[in-house]
Amino acid sequence: MLAQVTKRNNNVKQVEEYDMSDIADRVKKIVIEHLGVDAEKVTESASFIDDLGADSLDTVELVMAFEEEFGVEIPDDAADTILTVGDAIKFISKAQS
Amino acid sequence: MFDLTGRKALVTGASGGIGEAIARQLHSQGATVGLHGTRVERLEALAAELGERVELFPANLSDRDAVSELGKSAEEKLGGVDILVNNAGITKDGLFVRMSDEAWDQVMEVNLTAVFRLTRELMHPMMKRRNGRIINITSVVGVSGNPGQANYCAAKAGMIGFSKSLAQEVAPRNVTVNCVAPGFIESAMTEKLNDKQKEAIMGAIPMRRMGTGMEIASAVTWLASNEASYVTGQTVHVNGGMLMV
């Protein structure tokens, strides 16, 4: 927390990166826990369905887990565009800024 | 058999005859029961009789927000709902050509829309826990049809289609969805019938008697138990043989 405050004071750009990586970590954690996959498989380019073995029910549950974790609403048409881990991180970063 | 110790059940319409019997039997098998109903005095009397492991959830199922709130508060107060019994139902009978929009809408709202909303509220937590039982109380007339009950039969048939779809969606999460279809059961709903109607009904029932709430509750208890873990998307008919499907 202290590091975050210091960074905020120092450099705005750096703070954005910090938040982004924080979001990325939390997104990855949810994906790892929910799908029960190895952490190294959960890269930003990994597709939930093609690479991580998710089915349609998993993707809905992931979206609901993201909504809960980050307090954002992900409408169905937006959810349809979230195909990879990176897509989720980008959407949530944008929604929170 | 059918031990429900530690399980938490929410029964809607527990102030009615069948709902009360269901609540009693789930409770007797060890479950903690949430009693939903509209007649608070009857709920309180039942709760007092059951003693421990009981919570009350009065709510008006025609009020959509109240239905969502019911789901949320049951999930919270019971500490997770493992078994949801959608039992509450109303009738607004009348011959079709004279059926009002109101009679149609009210029956749809309570008998079908409330089931959809309450189940949606409780489904996600069940999926997360990888365990759940949804038991919907439909009716023999949802399958056979019945003159004077186009609205009620539509809602009850709708419930069966709803349950089958949902059963397929959530089966991978170990949540089962089934229906119990009572035939003619001794209850406030069948007390409204006159003697002539009752006589005609008896003639159509091979067992020559009405069923009891406990006979419905027994099917519910089985579906709620671990013993029924491989049963989903089914409708269990409990009707003394009046319809065999």
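Order of the sequence lines fixes the chain letters, A, B, ..., with proteins taken first and strands second; residue numbering starts at 1 for each chain.
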B/Lys164 atom NZ, over 12 foreign heavy atoms within 6.0 Å: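 Open.
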Those residues of residues 61-75 of chain B, ordered by number, that approach chain A below 4.5 Å (heavy atom to heavy atom):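 Under the 4.5 Å heavy-atom cut-off, nothing qualifies.
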Residues of residues 52-74 of chain A contacting chain B, heavy-atom criterion under 4.5 Å, by residue number: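 Within residues 52-74 of chain A, the residues that come under 4.5 Å of chain B (heavy atoms only) are A/Asp55, A/Leu57, A/Asp58, A/Glu61, A/Met64, A/Glu68.
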Pick from B/His124, B/Glu169, B/Lys128 with the largest number of heavy-atom pairs that fall under 4.5 Å of chain A: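 Heavy-atom pair counts peak at B/His124.
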